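Because the structure is predicted, anything quoted here is derived from the model rather than measured.
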Amino acid sequence: MTTTLQLTIDCADPARLVRFWATALGYEPEAPPEGFPDWRAYWLHLGVPEEELGEGDCADSVVDPTGAGPRVWFQQVPEGKSGKNRLHLDLKVGGGRSVPLETRRERVDAEVARLLAAGASRLRVLSTDGLDHYAVTLRDPEGNEFCVC
């Protein structure tokens, strides 16, 4: 038996995070099961009450169009984020240690600018003189921390 991985992120507004993380990861909103025009129709078919579904088409997950990365599901929960994440994502865009630090910094900064425009907010820059490392910690639209490195 093979174990697969799904990343689940608790949130207040799945549709908002679907849009943000699809942009951030180059993923796509997951298509509804075959035979259903949208996720709302699917959930209603299963008997989920209308009042639990909120607005919109109820899309709550993103998938890697290449099939290589894990599915990310945004699980709506009633409580808000209350502290620092114990797990976070690293979006690795710099190219690794074989790439000169200045080039990695330019790549990271370009990606940070793109994600800020998509709704992220900057938390801190991780850079120390003399250390061959550069990263920027951001927050998604609901405050979940992640790094661009």
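Within the structure, side-chain hydrogen bond (donor to acceptor under 3.5 Å, both in side chains) pairs that include any residue of residues 85-98 comprise K81-N85, N85-E145, H88-D90 (at least two apart or interchain).
Distance CZ/F20 to CG/D140: 6.0 Å, rounded to 0.5 Å. Distance check: T8 OG1 to F74 CZ gives 9.5 Å after rounding to the nearest 0.5 Å.
Here the shortest heavy-atom pairing between V18 and A59 reads CG2-O, 3.8 Å. Smallest separation of non-hydrogen atoms from D10 and N144: O-ND2, 4.4 Å. Taking both residues in full, the closest heavy atoms of G119 and P141 are given as O-CG, 3.7 Å, listed atom of the first, atom of the second, then distance. The shortest non-hydrogen separation linking L5 to P70 is O-CB, 3.3 Å. V108 and C149 get closest at one heavy-atom pair: CG2-C, 3.5 Å. When all heavy atoms are compared, the tightest approach of V93 to R107 is O-CD, 3.6 Å.
With a 4.5 Å cut-off on side-chain heavy atoms, W39 and D57 do not count as touching. Residues V125 and V112 fail the side-chain proximity criterion, which asks for heavy atoms closer than 4.5 Å. Side-chain contact between I9 and E142 is absent, with no heavy-atom pair separated by less than 4.5 Å. Residues L44 and E50 have side chains in contact (heavy-atom distance under 4.5 Å, counting atoms from C-beta outward). Looking only at side-chain heavy atoms (C-beta outward), R104 and L101 come within less than 4.5 Å of each other. Taking 4.5 Å as the limit, some side-chain heavy atom of W21 sits within range of a side-chain heavy atom of F146. Proximity of T23 to R114: side-chain heavy atoms (C-beta onward) are separated by under 4.5 Å at one or more points. Counting only heavy atoms from C-beta outward, the side chains of L91 and L138 never approach each other to under 4.5 Å.
For R105 and Y134, the positive end sits near the middle of the six-membered ring, less than 6.0 Å away and at most 45° from its axis.
With a 6.0 Å radius and a threshold of 12 heavy atoms from other residues, nucleotides or ligands, E51 has its CD atom above the threshold. Around atom CD of E79, more than 12 heavy atoms belonging to other residues, nucleotides or ligands sit under 6.0 Å away.
At a threshold of 4.5 Å between side-chain heavy atoms, the hydrophobic network of Ile, Leu, Val, Met, Phe, Trp and Tyr places F36 and W73 in two separate groups.
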Practice task
Mind running side-chain contact (heavy atoms from CB on, under 4.5 Å) on D60 and Q76 for me, showing each step along the way?
Solution key: CA-CA 9 Å; D60 62 1; Q76 189 170 10; over 6 Å; no

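Checked options D64, L89, V62; the residue passing with V72 is V62 (criterion: side chain to side chain contact (heavy atoms under 4.5 Å, CB included)).
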